[in-house]
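Residue numbers run from 1 in the order of the sequence given.
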Amino acid sequence: MKLDFSGETIEINCQSCGKKIAEKLGRLQRDPQLTCPHCKGVTTVDAAKLRAVIQTLQKSLDDLGRNLRRTFK
């Protein structure tokens, strides 16, 4: 089962001032740059790493689903 994580919010520390910036995953996948609302510094998220984490999460959920189906057959 494929889940859509684009609406999920994560917090990222600003690379300039260290304060937390909340942003949706879908927005970060489209544009990995954030402007800090506190200091106006620009923080760039590693888009390749973000995609890899989402793929890993999806694979783990798929594996869990398969294991649960086998267990409760």
Side-chain angles (χ1 to χ4, degrees):
M1 169 173 63
K2 181 127 173 94
L3 296 177
D4 181 11
F5 297 105
S6 63
E8 298 301 316
T9 300
I10 62 169
E11 289 186 339
I12 298 165
N13 290 335
C14 173
Q15 293 170 340
S16 297
C17 71
K19 292 192 178 181
K20 292 187 185 291
I21 307 168
E23 190 55 77
K24 298 218 180 275
L25 285 173
R27 216 279 291 148
L28 289 173
Q29 287 177 303
R30 289 187 306 277
D31 179 11
Q33 288 193 333
L34 296 170
T35 300
C36 179
H38 308 286
C39 74
K40 306 302 181 213
V42 175
T43 296
T44 302
V45 174
D46 184 335
K49 189 182 282 187
L50 180 61
R51 279 191 300 277
V53 168
I54 291 171
Q55 288 172 348
T56 299
L57 179 58
Q58 183 64 56
K59 183 184 178 319
S60 294
L61 289 171
D62 292 344
D63 292 345
L64 175 62
R66 274 191 299 279
N67 288 332
L68 287 173
R69 283 189 294 280
R70 275 186 255 164
T71 300
F72 295 105
K73 255 186 168 178

Could you give me the CA-CA distance, side-chain angles and deciding distance for N13 and K19, then say whether side-chain contact (heavy atoms from CB on, under 4.5 Å) is met?
CA-CA 5 Å; N13 290 335; K19 292 192 178 181; over 6 Å; no
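- K24 is linked by a side-chain hydrogen bond (donor to acceptor under 3.5 Å, both in side chains) to T9, counting only residues two or more places apart in sequence or in another chain.
- In terms of hydrophobic clustering, with Ile, Leu, Val, Met, Phe, Trp and Tyr side chains grouped at heavy-atom distances under 4.5 Å, V45 and L57 are assigned to a common cluster.
- Residues satisfying the side-chain hydrogen bond (donor to acceptor under 3.5 Å, both in side chains) test with S16, not counting sequence neighbours, are none.
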Set out, in order, the CA-CA distance, both residues' side-chain angles and the distance that settles side-chain contact (heavy atoms from CB on, under 4.5 Å) for R69 and R66, then state yes or no.
CA-CA 5 Å; R69 283 189 294 280; R66 274 191 299 279; 3.4 Å; yes
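- Considering CD of Q15 and CD1 of I21, their distance stands at 8.5 Å, rounded to 0.5 Å.
- Membership of an apolar cluster is not assigned to V53, as no side-chain contact below 4.5 Å to another ILVMFWY residue is traced.
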Let me check something: any side-chain donor-acceptor pairs from residues 28-37 under 3.5 Å, sequence neighbours excluded? List them with distances.
residue	atom	partner	partner atom	Å
R30	NH1	G26	O	3.1
D31	OD1	Q33	N	3.3
D31	OD2	R27	NH1	3.4

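- For residues 3-14, no residue pair satisfies the salt bridge (Lys or Arg N to Asp or Glu O under 4.0 Å) rule, not counting sequence neighbours.
- Applying the salt bridge (Lys or Arg N to Asp or Glu O under 4.0 Å) test to every pair with at least one member in residues 36-46, sequence neighbours left out, gives no pairs at all.
- To the nearest 0.5 Å, the span separating OG1 on T43 from CD1 on I12 amounts to 8.0 Å.
- Atom CG of L25 is separated from atom CZ of F5 by 8.5 Å, given to the nearest 0.5 angstrom.
- With sequence neighbours excluded, the residues satisfying side chain to side chain contact (heavy atoms under 4.5 Å, CB included) with L64 are L68.
- K59 pairs by the side-chain hydrogen bond (donor to acceptor under 3.5 Å, both in side chains) definition with D63, not counting sequence neighbours.
- We find the CG-OG1 distance between L61 and T56 to be 11.0 Å, quoted to the nearest 0.5 Å.
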